[in-house]
Amino acid sequence: MTLSLGKKALILVAVPLVFELVFVGTFAYLVNQVDRERAREAHARDVAGHLNVLLRLVMERSSSLIVSHFTSRETFRRRADLAKKRFYQEKEIISRLVADNPHEKESWDKIYRLMDDGDRFFDHAKTMVDIGNKLAAGMEMVKVNRLMADVFQSIDHLVEEQEAETQERKNKQAIVRSQIEILIYVAVAVNILLAVGLALAFNKSTATRLKVVLDNTYKLASQQPLSAPLRGEDELAHLDHTFRKMADALESMRRKESAILTSAADIICSLDAERRFTQANPAAAKQWGYEIDDLIGRRLDQLLDEEDLKSTTDDIHSIIESKGHGAFTNRIVTQDGQERDCEWSVVWSKEEKSLMCVVHDITERKQIDQMKRDFVAMVSHDLRTPLTSIQMVHSLLSAGAYGELTDDGKESVEGAQDCCDRLITLVNDLLDLERMESGRMDLSLESIPLSDIIKPSINMVANAVKQKQIELKLETEDNPTVRADKERMIQVLINLIANAIKFSPEKTVLTVSTGDDGKFAVVKVKDEGRGVPESMRASIFERFKQVNKSDSKGRKGSGLGLAISKAIVELHGGQIGVESQEGKGSTFHFSLPIAQPDAEDNVQA
């Protein structure tokens, strides 16, 4: 079983640490031995030294007394007294030195008794000398000499023992020092062997396995087969297993990416900073007719229509300079000489130093847009004129210009007139919407009070409010001056109020309120109708969208009113939206920019 990295690290630390502790412990023991032997050597040297001083003092005292007896000089007597005083001091020192050593203490006690007896004899001899009894003094000195001979012999024996002890301790110190030297050499050798052994073991069990993982990273980057899986249950084995799972996931993603690029309908390609193709998917060959190998290395400029060359070059240069992304359109000349309208989405990759491009063919969309414009022109010229004529004929019939109609006839004419009015309104809405989306809507912008939009709008829906018995409330906090096209914004507000009336039950309350946040004035229309589902709150502002499909029939709606209102508000620089709870009503709101003091009127949006 392969050890984990944590256990290997613990071994790497613990083994040298245990060895160091053993080494330090042994070294401390040997140093302590040296210190003990040195202390014993110093003790023996001190005892021998003080014994020699003691012998010298005994001899000095004896000689001084003898000389003072024969010469009767006081100097020698004082010298003998001083020697006696120092003699007792040395006796105290030696007694303290040998107190902890039973053998030395026993030898010293014997010497001490002999010296004590000799001292009594000596004092007695001194007394005899003082009284003039020289014979008795001589006999006492004979006793002193015999005792001193024994003392000298005992001291010499003890000194010899201390000198032998000193030499023995020196020998033991030398042995311990040699043991310390051997210990140091052995420790250094063992430490080196441990370091090399552990390094080799770690390299074999960890570094080599880690190198396999690192090699796999390079192999993955170069899309080469990975090395054999690592065995074991340690962290490196788990890392290798996880890395292989990641490599499999990347390979799966690479296959999916390749499949997406191969099957994508849009052209996906990359360009270098000089606008040369570096990569392209098969869609390029299908749409433009160039083989991929022929396209790689070719400049985009060679494929562009001459009229689009400068604008495309400028757009790409701007994207590279900003290191961002952008979009533009141009025309590509295909291999067979046809032109295809293309919409480019481009991102500059700093790492790759390339432009990543997605090219969508919009040729068919442009053709459809042209067909739509042709259809709108046809509606404008070929449908609205006959409808206007029919409307006039209906008006003449209703007025009795061609004779008095029966009641059934009048009812039929009114029905036809309503249908004609709806068609004319639908045609006008379609024309307005097309002009807005194509940017050809003219706005007569001026600075006007917000009330100039609200009051006319409320007046124009007054009859509809009365017919449905709805209470219309106006809540205005202030009257900011806005920058707007008065007639167009009245059209928007009437549309919102009319929708609220249409979808509100009878005898309910409809509220029109205003406010501003310093930059925009806000108008809200709140009703108590059925509300708008959350899933429909964004889509109801699209053309031909109704909350219920039956609304276009039961409430005579075309589904263009909110779309037109949204386009008008956004052309003014405002926003439109709705807040609603199903079954509790809706609040439609739009915002208009507040006019600035230095704003100038313009007539083109």
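Atoms considered below: every heavy atom in the structure, side chains included; atoms not considered: hydrogens, waters and symmetry mates.
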Sidechain N-carboxylate O distance under 4.0 Å for [X], [Y]:
X	Y	answer
Arg298	Asp294	no
Lys524	Glu475	no
Lys519	Asp517	no

Is atom [atom1] of [X] surrounded by more than 12 heavy atoms (other residues, nucleotides or ligands) closer than 6.0 Å?
X	atom1	result
Met460	CE	no
Gln581	CD	no
Gln279	CD	no
Glu364	CD	yes

Item to check | Pair Phe541-Phe588, side chain to side chain contact (heavy atoms under 4.5 Å, CB included): steps then yes or no | outcome: CA-CA 11 Å; Phe541 292 98; Phe588 283 83; 4.0 Å; yes
Next on the checklist: Would Phe243 and Asn216 count as a side chain to side chain contact (heavy atoms under 4.5 Å, CB included) here? Give the steps.
Outcome noted: CA-CA 9 Å; Phe243 182 84; Asn216 281 338; 3.5 Å; yes
For residues [X] and [Y], report the shortest heavy-atom separation together with the two atoms involved.
X	Y	answer
Cys269	Phe277	SG-CE2, 3.9 Å
Pro456	Ile490	CB-CD1, 3.9 Å
Ala284	Ile292	CB-CD1, 4.4 Å
Ala247	Leu226	CB-CD1, 3.9 Å
Arg276	Arg299	CG-CG, 3.7 Å
Val333	Tyr290	O-OH, 3.3 Å

Counting N and O atoms only, with roles assigned by atom type, does the side chain of [X] sit under 3.5 Å from a partner on the main chain of [Y], one being a donor and the other an acceptor?
X	Y	value
Ser580	Val532	yes
Ser457	Ile453	yes
Thr312	Leu309	no
Ser318	Ile316	no
Ser349	Lys353	no
Arg340	Gln287	no
Asn495	Gly561	yes
Asn191	Glu20	no
Asp527	Ser586	yes

Side-chain donor-acceptor pair present, [X], [Y], cut-off under 3.5 Å:
X	Y	answer
Thr278	Ser270	yes
Asn479	Ser451	yes
Arg488	Gln491	yes

Atom pair [atom1] ([X]) and [atom2] ([Y]), whose distance is rounded to the nearest 0.5 Å:
X	Y	atom1	atom2	value
Asp266	Asn281	CG	CG	8.5 Å
Ser354	Ile320	OG	CD1	9.5 Å
Asp308	Leu303	CG	CG	12.5 Å
Asp336	Gln338	CG	CD	4.5 Å
Ile594	Asp516	CD1	CG	4.0 Å
Asn330	Glu339	CG	CD	10.5 Å

Checklist entry - Checking side chain to side chain contact (heavy atoms under 4.5 Å, CB included) for the pair Gln575/Phe590: CA distance, chi angles, key distance, verdict? => result CA-CA 5 Å; Gln575 292 183 342; Phe590 65 87; over 6 Å; no
Would you say the side chain of [Y] lies within less than 4.5 Å of the side chain of [X], judging by non-hydrogen atoms?
X	Y	result
Leu304	Ile332	yes
Leu355	Asp272	no
Leu496	Leu562	yes
Cys342	Ile362	no
Leu300	Leu271	yes
Leu445	His572	yes
Trp288	Asp361	no
Val525	Leu493	yes

Next on the checklist: Test side chain to side chain contact (heavy atoms under 4.5 Å, CB included) on Thr329 and Trp344; report intermediate values, then the result.
Outcome noted: CA-CA 6 Å; Thr329 59; Trp344 293 68; over 6 Å; no
